[in-house]
Amino acid sequence: FFFERIDHYYVQESVGIACGMLVLAIQNANLVTLTSTPMGADKGIRSLLGRPDNEKVFLLMPVGFPASDATVPYREPQRRPLHQSLHFA
């Protein structure tokens with residue numbers, strides 16, 4: 001088969017936006033995920049999943065159920081108070 005090469009623009013931006021929407025949908029379904037970039041593991045992941053060499057692994061997102069005792073660690077807010085950043089003329 002002969003396939004004509006098509007240039008796709010803004011691929012990373014589009015994939016990033018789609019992944020953000022997928023994270024929201026996963027959370028809405030009471031599931032959890034984290035995002036991980038496959039630095040240097042591209043070839044092995046493609047081989048494991050039987051994907052062709054012309055595809056690129058952009059992001060890994062394992063999805064599952066949260067542990068019953070899962071918590072989010074508390075972190076001190078690092079933003080400036082709004083009155084220090086916002087000024088009205």
Side-chain angles (χ1 to χ4, degrees):
F1 291 97
F2 175 74
F3 294 99
E4 183 180 336
R5 178 172 168 79
I6 300 172
D7 290 327
H8 297 281
Y9 301 100
Y10 306 108
V11 172
Q12 291 185 348
E13 291 82 356
S14 296
V15 171
I17 292 168
C19 288
M21 295 174 73
L22 181 57
V23 167
L24 293 173
I26 289 167
Q27 289 179 344
N28 191 51
N30 293 322
L31 297 170
V32 293
T33 188
L34 59 88
T35 57
S36 173
T37 53
M39 300 175 71
D42 228 19
K43 185 176 180 181
I45 293 169
R46 281 196 317 270
S47 174
L48 180 69
L49 298 176
R51 304 306 304 169
D53 289 339
N54 67 321
E55 292 184 1
K56 179 181 177 184
V57 179
F58 183 79
L59 190 68
L60 298 176
M61 292 177 60
V63 178
F65 294 100
S68 60
D69 59 347
T71 60
V72 177
Y74 178 76
R75 186 174 119 179
E76 290 290 330
Q78 296 184 3
R79 290 186 175 184
R80 285 191 254 168
L82 190 59
H83 71 275
Q84 289 182 2
S85 301
L86 186 62
H87 302 281
F88 292 98

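The basis for the numbers below is simple: all heavy atoms, side chains too, and nothing from hydrogens, waters or symmetry mates.
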Seminar exercise, completed: For Tyr9, the other hydrophobic cluster members (4.5 Å side-chain criterion, sorted by chain and number) are Tyr10

Exercise. What's in the same ILVMFWY side-chain cluster as Val72, cut-off under 4.5 Å, chained through other members?
Worked result: none

Which side-chain N or O atoms in residues 29-36 pair as donor and acceptor under 3.5 Å with protein atoms at least two apart or in another chain?
| from | atom 1 | to | atom 2 | distance (Å) |
| --- | --- | --- | --- | --- |
| Thr33 | OG1 | Pro62 | O | 2.7 |

Exercise. How would you list, by chain and number, every residue that makes a salt bridge (charged side-chain N to carboxylate O under 4.0 Å, His left out) with Asp7, sequence neighbours excluded?
Worked result: Arg5

What residues, two or more places apart in sequence or in another chain, satisfy side chain to side chain contact (heavy atoms under 4.5 Å, CB included) together with [X]?
| X | answer |
| --- | --- |
| Ala18 | none |
| Leu86 | Leu82, Phe88 |
| His87 | none |
| Leu22 | Ile26, Met61 |

For this session: Decide if atom CD of Gln12 counts as having more than 12 heavy atoms of other residues, nucleotides or ligands within a radius under 6.0 Å.
Result: no

Problem set entry | Cluster check Val63, Leu48: I/L/V/M/F/W/Y, side chain < 4.5 angstrom | no

Exercise. Would you say the side chain of Asn28 lies within less than 4.5 Å of the side chain of Leu24, judging by non-hydrogen atoms?
Worked result: no

For this session: Return each pair, listed once, that meets side chain to side chain donor-acceptor pair (under 3.5 Å) where at least one residue sits in residues 65-76; pairs must be two or more places apart or across chains.
Result: none

Exercise. Which pairs count as side chain to side chain donor-acceptor pair (under 3.5 Å) when at least one residue sits in residues 41-65, sequence neighbours excluded?
Worked result: Asp42-Arg46, Arg51-Glu55

Exercise. How would you list all residue pairs meeting salt bridge (Lys or Arg N to Asp or Glu O under 4.0 Å) that involve residues 78-89, not counting sequence neighbours?
Worked result: none

